[in-house]
There are 4 protein chains.
Amino acid sequence: MTAPEPTRERILAAAEELFAEKGFDATPTSRIAARAEVPKGLVHYYFARKADLLEALVERLPRERIDRAAVVVPGDVEASLCRLVAVLDALLDSSAVLSHLLWREADTHPAVRDALHQRFDALVAEIRAVLAESGATGDVDSAAMLLASAVSYRHSVFRHAAVESAARTDMTPELRFLAAGLTSSAPARPGPA
Amino acid sequence: MTAPEPTRERILAAAEELFAEKGFDATPTSRIAARAEVPKGLVHYYFARKADLLEALVERLPRERIDRAAVVVPGDVEASLCRLVAVLDALLDSSAVLSHLLWREADTHPAVRDALHQRFDALVAEIRAVLAESGATGDVDSAAMLLASAVSYRHSVFRHAAVESAARTDMTPELRFLAAGLTSSAPARPGPA
Amino acid sequence: MTAPEPTRERILAAAEELFAEKGFDATPTSRIAARAEVPKGLVHYYFARKADLLEALVERLPRERIDRAAVVVPGDVEASLCRLVAVLDALLDSSAVLSHLLWREADTHPAVRDALHQRFDALVAEIRAVLAESGATGDVDSAAMLLASAVSYRHSVFRHAAVESAARTDMTPELRFLAAGLTSSAPARPGPA
Amino acid sequence: MTAPEPTRERILAAAEELFAEKGFDATPTSRIAARAEVPKGLVHYYFARKADLLEALVERLPRERIDRAAVVVPGDVEASLCRLVAVLDALLDSSAVLSHLLWREADTHPAVRDALHQRFDALVAEIRAVLAESGATGDVDSAAMLLASAVSYRHSVFRHAAVESAARTDMTPELRFLAAGLTSSAPARPGPA
DNA sequence: TATGAATGAGGCTTCATTCAT
DNA sequence: TATGAATGAAGCCTCATTCAT
């Protein structure tokens, strides 16, 4: 009744850190073993191939659910967006290493790539739901798509704290702009022409 | 009148392709030499360290200038945005491998990271200029930032032709949404509160 | 009851031979592996850097102790010196390859250089002790220093059996000369003037 | 009528320095060219093989002649020895890099080894001559041999200024000891028994 | 006489992976 | 379940040497 697989978990945690720090290719399994403080052979005992570590990490990805009740301010689209972005920022930061990792390895590992796309689509859906519940009218789909892009971009590129850039500032102006487009009597998104 | 450095250029071109295909770490210099059809030693004759190839590629990045006169439709923000995105798509696709490469290696190579941020800022500025010249009013800055994010995101992530995703479709709805927010008598972006 | 680390030892022995034959820089690790009859990777498994081989060899240096009781002939300095030199010759020949190696690599490897100086000082001390116990009087220090130089020189330079030179002959005349200076009522070495 | 071969000489001088600093094997010809400030191809134009540089350096070795008239103090063996060692120290220091080099490469390059032995024999002869002219009696050969060893040893091993060791002090006690053995009515060196 | 691009062998080292225990 | 020695392929890089100009 002890923790079920402490060693296997320690190995995964070490791999997650190192992959995020240096990338998959630049991380030797020996270093993973060292950081996990397990003998080298044990890594390959649990994960026969190095790529298996990556897939296990992807499967372990938390399915981040947003508590929409705590985010939506009915009737106030802008306030809802602000609270949503705050929650998303916190969520994405909490699994920052994993997200980071996904971006880097998406090209060469199909499993990772698929997970990444899936996450983006889930994010768009989440934003759309918040907009709808907060009473947004107009082209909710486009706004959701734009916001999802901006949020994802921030978290994928501007993860280097040292860098100052136009995009590193807070997003309230953009949110206000989006909200403005969704509050007036704007037309809904037209179907694909 | 022939190209001044055919071999050096061939090596760079081969490196660009392979780095984009497989990533920096996963590309052996021997394969670069093979694709460039030069002996292995010549790669290191021109680029002492493998990382020098990366830096040379970044320096070679075309400073993409947009011919604004051919893009801006005065008085029609939406049309201007459509033409702008078309031009941007063409531009980014022409240097797709390089862009792709930047995204992957930004973390581990500072020179690459800086180039990436610089490119994003230039993109935002370009969009802003097009909006201004096409007669947009309102929070031009926020709109430029959102559009730059969306365009960048498309080109960095959705480069896998095989993948179908919500974001892989054309952007006209989003552009229409943005244009709508910039056409009415919307207020300009407020300064930092 | 077999040797505890046969492979590691075999690698060290092979390295010792080859370094002495050709020098450190001119000996590829692949040849060390070949002579030790182990796969190439095993050399680097035990000794991550090539220089580690050198340091391990230095640490393995036998601390040659002389059995003074078997050397000293009380009251007969010349006889004592003759027997001492015979013992030293045997000792140095037994670790000839290592000594040889030290001389060559002392410049570039501090650890080796220090070991070399330490050995010389130990040799001087040993000679001094033998002289004292055999009843030498006079400037024992100077004689010890001269003899240590001559012995060391012989073993470091005149190790090429093929070479005939004035110094390759036996040392009995020199020993007789030294003994003569230490037998009469000669004054002890003066302190630094 | 300009200096006959300034470039060739510059190359040799650069090679001498670098060989002494790092050793023959560890010195690339490209670095020699760099230090000599000549293009890389020129080194191999003058010296087809790298080893030719070494042989040219050995041939360039100055045949150090000692001005015995300025050294010998007739009737005072100890004073003569002191002045001799002072002159030898100066001489050997002036060609220190070359001497240093000889010691390191003697094993693998026969031409160097022969030059080294030749130098030692010349040194012994020189000392013997000084002793004879200063009126030494007794076993002049052994004393010359011992002193030559000690001087050579000092210059070959104790070239590392940073190292403090018993042998790094001045040699006057040893010289006094030797002189004492050559001043009394000591018997001449006997022939090989 | 001078040059520097070109060449390829080979050096050191890393590392995923296997396997006997 | 756990271990670490063993293996060898392959990577990056160095460098003497050649050669066309």
Taking side chain to side chain donor-acceptor pair (under 3.5 Å) as the test, write out the residues that go with [X], two or more places apart.
{"X": "D/Glu55", "result": "none"}
{"X": "C/Arg35", "result": "C/Glu17, C/Glu21"}
{"X": "A/Arg60", "result": "A/Glu9, A/Glu16"}

Under the ring-ring contact (aromatic ring centres under 6.0 Å, His included) test, residues paired with B/Phe47 that sit two or more places apart
none
How close or far is atom [atom2] of [N] from atom [atom1] of [X], stated in whole angstroms?
{"X": "B/Glu37", "N": "E/dT7", "atom1": "CD", "atom2": "P", "value": "12 Å"}
{"X": "A/Arg10", "N": "F/dA2", "atom1": "CZ", "atom2": "C1'", "value": "13 Å"}
{"X": "A/Leu42", "N": "E/dA16", "atom1": "CG", "atom2": "C1'", "value": "16 Å"}
{"X": "D/Ile32", "N": "F/dC15", "atom1": "CD1", "atom2": "P", "value": "11 Å"}
{"X": "C/Lys22", "N": "E/dG11", "atom1": "NZ", "atom2": "P", "value": "13 Å"}
{"X": "D/Leu54", "N": "F/dA16", "atom1": "CG", "atom2": "C1'", "value": "15 Å"}

Sort and list the pairs that fulfil salt bridge (charged side-chain N to carboxylate O under 4.0 Å, His left out) and have at least one residue in residues 37-49 of chain D, not counting sequence neighbours.
none
Which pairs pass salt bridge (charged side-chain N to carboxylate O under 4.0 Å, His left out) with one or both residues in residues 22-31 of chain D, sequence neighbours excluded?
none
Would you please name every residue forming a side chain to side chain contact (heavy atoms under 4.5 Å, CB included) with C/His109, sequence neighbours left out?
C/Phe24, C/Ala51, C/Leu54, C/Glu105, C/Val112
Quick one: is [X] getting a side-chain N or O under 4.0 Å of the [N] phosphate, OP1 or OP2?
{"X": "C/Arg49", "N": "E/dT14", "value": "yes"}
{"X": "A/Tyr46", "N": "F/dA2", "value": "yes"}
{"X": "A/Tyr45", "N": "F/dA2", "value": "no"}

Stems with DNA chain E, 3 or more Watson-Crick or G-U pairs in a row (under 3.5 Å), are E:2-21 with F:2-21
Within the structure provided, determine whether A/Asp114 and A/Val58 are in side-chain contact (heavy-atom separation under 4.5 Å).
no
Could you give me the CA-CA distance, side-chain angles and deciding distance for B/Phe19 and B/Ile32, then say whether side chain to side chain contact (heavy atoms under 4.5 Å, CB included) is met?
CA-CA 9 Å; B/Phe19 287 166; B/Ile32 296 172; 3.9 Å; yes
Out of F/dT18, F/dC13, E/dT18, which nucleotide sits closest to the side chain of B/His44?
F/dC13
N/O contacts under 3.5 Å, protein versus nucleotides 9-11 of chain F?
from: F/dA10; atom 1: N6; to: C/Lys40; atom 2: NZ; distance (Å): 2.9

Between B/Val38 and C/Phe24, which has a closest nucleotide on DNA chain E that is more 5'?
B/Val38
